[in-house]
Amino acid sequence: MEEQTRATATDGGGPGGAGRVDEERITARAREIGAAEMKALVDNTRRSRALFERARAALPLGVASSFQAADPHPIYLSHGRGAEVWDVDGRGYYDFHNGFGAMAVGHAHPKVVEAIERAARLGTHFAVTTEATVALAEELCRRFGLERVRFVNSGTEATMDAIRLARGVTGRDVICKIEGSYHGHHDAVMFSVTPGLDLVAGTADAARTDHLPASKGIPAVLGDLTLAVPYNDLGAVQRLFTERGEELACFIIEPVMMNIGIVLPRPGYLEGLRELCTRHGVVLIFDEVKCGATIAAGGAIERFGVQPDLACFAKSIAGGTPGGAFGGRAELMDAIGDGIAQQGTFNGNPLVAAAGLAALTEVLTADAYERFARLGTRLAEGCRRAIAAGHIPAHVVDLGCKGCVSYRPEPLVDYRSFLETNAALFDASWAWAVNRGIFMTPGNEEQWTLSAQHAEEHIDRYVDVFSEFCATIGT
Ligand SMILES: Cc1ncc(COP(=O)(O)O)c(C=O)c1O
């Protein structure tokens, strides 16, 4: 970690600082600071720039996945250990990006490394189920209250297979998702991902059927099969189910909406959904790709006490390897093999199973969740103090090993409220943090992920850097 000058967190105290803010002035200041910080970032990351130039010749946008592309260029990492990562310029960062939330175990955790090394010595792949894979399936069932699971290789595959299963079992083709939600990049869920205001305005009551695919190459006609309703609006679901419930195979939802910052479910919302889905024979699918094993040992299912029919997992359940799973009620899952295809060469791969098992049984233990809660709250409270002191139009969400600052004074309730967040403030804060040794996800739709290897030192550094930012930009 590079030695940095430490600022002291300012305790402004008192709520509602954001309400007194002259947002236009702060936004103008954010643009100014953001531009200066971006310039500094380019100066600080010259080797990343050179690798970017080289990578562009072999990889579109110079990256392995379009989510890794970033302005002014991606920061290419060389390695990570514990709560830290290093870039190709040799700069060290405290890592709050954590592989888009897949690294709740932290980097190169000795238990995970040992499990992978042991498994590798015994053969890296057979396309035959091993005992470790069975044990991981048992652990997932135990944690999340599932009766059966099947393995996949990513979150995209998990939601794709769960939706296929729901369609196969119900014999219905239409699915419903949440407006502005992300469930991976397969065709069925690539509608209403990041719709503009023009596409959502005035449609609070209607499930959208005329939205555009989120990518070229997806037939627009598939939009007829994917409806979307706003998050946290049970009335919209009720109306849709009354009108078209018999056409609906499933309702897929991130129980805590996490691809627009973090949006918590209103009290009773998930319970209401559960009840409506049961009444209309619609399969309720929780997408726990981000929540599972992070916001509680048993994810949103445990935290909110609502059991879906099927749930999808990836990211942190696999100890930093490319694994995923979906599972749920035996009555549904056992339809696999009865005319419903679910397969894949690498599903349940022994390296992934060994890493996942070590992560869930040896690292992400009850102690780890207590630590996440303690450190997460320390971080969130530090950020809240800084926001109040600088009168920044922002709020903080604190949820176990996840949390975020969103640049809107009031908490978000749905995608439409996310469209009101201040992008200039986020951009400036991101470059500011990276230049001071805090590695964060490039995009205001993301959130921080703590790892089992984070300590108070890392949290306090984040708070110091953020406080300095708020004091510089605020009033
Ligand atoms: C909620 C949610 N579902 C599904 C996915 C897709 O997962 P993957 O990138 O592993 O395909 C993501 C990825 O960020 C996600 O956040």
*Hey, do the aromatic rings of Phe286 and Phe144 have their centres closer than 6.0 Å?*
no

*Does the side chain to side chain donor-acceptor pair (under 3.5 Å) test come out yes or no for Asn435 and Asn44, once each step is laid out?*
CA-CA 8 Å; Asn435 281 331; Asn44 288 336; 3.1 Å; yes

_A side-chain contact here means heavy atoms from C-beta on lying under 4.5 Å apart; do Ile33 and Ile473 qualify?_
yes

*Could you tell me whether the side chains of Lys177 and Ser192 share a donor-acceptor contact shorter than 3.5 Å?*
no

*Side chains of Thr159 and His186: is there a donor and an acceptor less than 3.5 Å apart?*
yes

*Salt-bridge present (Arg266, Glu271; N to O < 4.0 Å)*: no

*Full working for side chain to side chain donor-acceptor pair (under 3.5 Å) between His73 and Arg49*: CA-CA 6 Å; His73 50 246; Arg49 182 80 210 175; 3.3 Å; yes

*Is any NZ, NE, NH1 or NH2 atom of the basic residue among Glu446 and Lys290 found under 4.0 Å from an Asp or Glu carboxylate oxygen of the other?*
yes

_Contact between Leu360 and Arg143 at the side-chain level, heavy atoms closer than 4.5 Å - yes or no?_
yes

*What is the distance from atom CD1 of Ile26 to atom CG of Asn422, rounded to the nearest 0.5 Å?*
8.5 Å

*Hey, does the side chain of Tyr231 reach the backbone of Pro255 with a donor-acceptor pair shorter than 3.5 angstrom?*
yes

*Below 6.0 angstrom between ring centroids: does that apply to Tyr462 and Phe96?*
yes

*ring-ring contact (aromatic ring centres under 6.0 Å, His included) partner of Phe439, chosen from Tyr93, Trp86, Trp430*: Tyr93

*Hey, what do you get for CD (Glu84) to NE2 (His458), rounding to the nearest 0.5 Å?*
5.0 Å

*Pair Phe151 and Phe326, ring centroids less than 6.0 Å apart*: no

*Heavy-atom neighbours of Arg54 CZ exceed 12 at 6.0 Å*: no

*Would you say the side chains of Asp414 and Ser417 form a donor-acceptor pair under 3.5 Å?*
yes

*Identify the residue among Trp432, Tyr94, Phe426, Trp448 that makes a side-chain contact (heavy atoms from CB on, under 4.5 Å) with Met440.*
Trp448

*Step by step, work out the side chain to side chain contact (heavy atoms under 4.5 Å, CB included) result for Arg408 and Glu410.*
CA-CA 6 Å; Arg408 178 183 187 264; Glu410 305 81 25; 3.6 Å; yes

*Using a distance-only test with no angle check, is there a side-chain donor-acceptor pair under 3.5 angstrom linking His97 and Thr441?*
no

_Within a 6.0 Å radius of atom CZ on Arg47, are there more than 12 heavy atoms belonging to other residues, nucleotides or ligands?_
no

_Does Ile175 form a side chain to side chain contact (heavy atoms under 4.5 Å, CB included) with Leu227? I'd like the steps, not just the answer._
CA-CA 6 Å; Ile175 69 167; Leu227 310 181; over 6 Å; no

*asked:* Before you tell me yes or no, could you show the steps for Tyr407 and Ser429 under side chain to side chain donor-acceptor pair (under 3.5 Å), namely the whole-Å CA-CA distance, both residues' side-chain angles and the distance that decides it to 0.1 Å?
replied: CA-CA 10 Å; Tyr407 290 95; Ser429 71; 3.3 Å; yes

*Is the closest side-chain donor-acceptor distance between Ser406 and Asn444 under 3.5 Å?*
no

*Could you tell me whether Asp460 and Arg378 make a salt bridge, using a distance below 4.0 angstrom between a side-chain N and a carboxylate O?*
yes

*Derivation and outcome, side chain to side chain contact (heavy atoms under 4.5 Å, CB included), residues Asp398 and Arg384*: CA-CA 10 Å; Asp398 167 23; Arg384 277 191 196 115; 4.2 Å; yes

*asked:* Could you go through Asn98 and Ser451, starting from their C-alpha distance and side-chain angles, then the distance that decides it, and tell me whether this counts as side chain to side chain donor-acceptor pair (under 3.5 Å)?
replied: CA-CA 8 Å; Asn98 264 313; Ser451 85; 4.7 Å; no

*Indicate yes or no for a side-chain donor-acceptor contact from Ser316 to the backbone of Gly101 under 3.5 Å, with no hydrogens or angles considered.*
yes

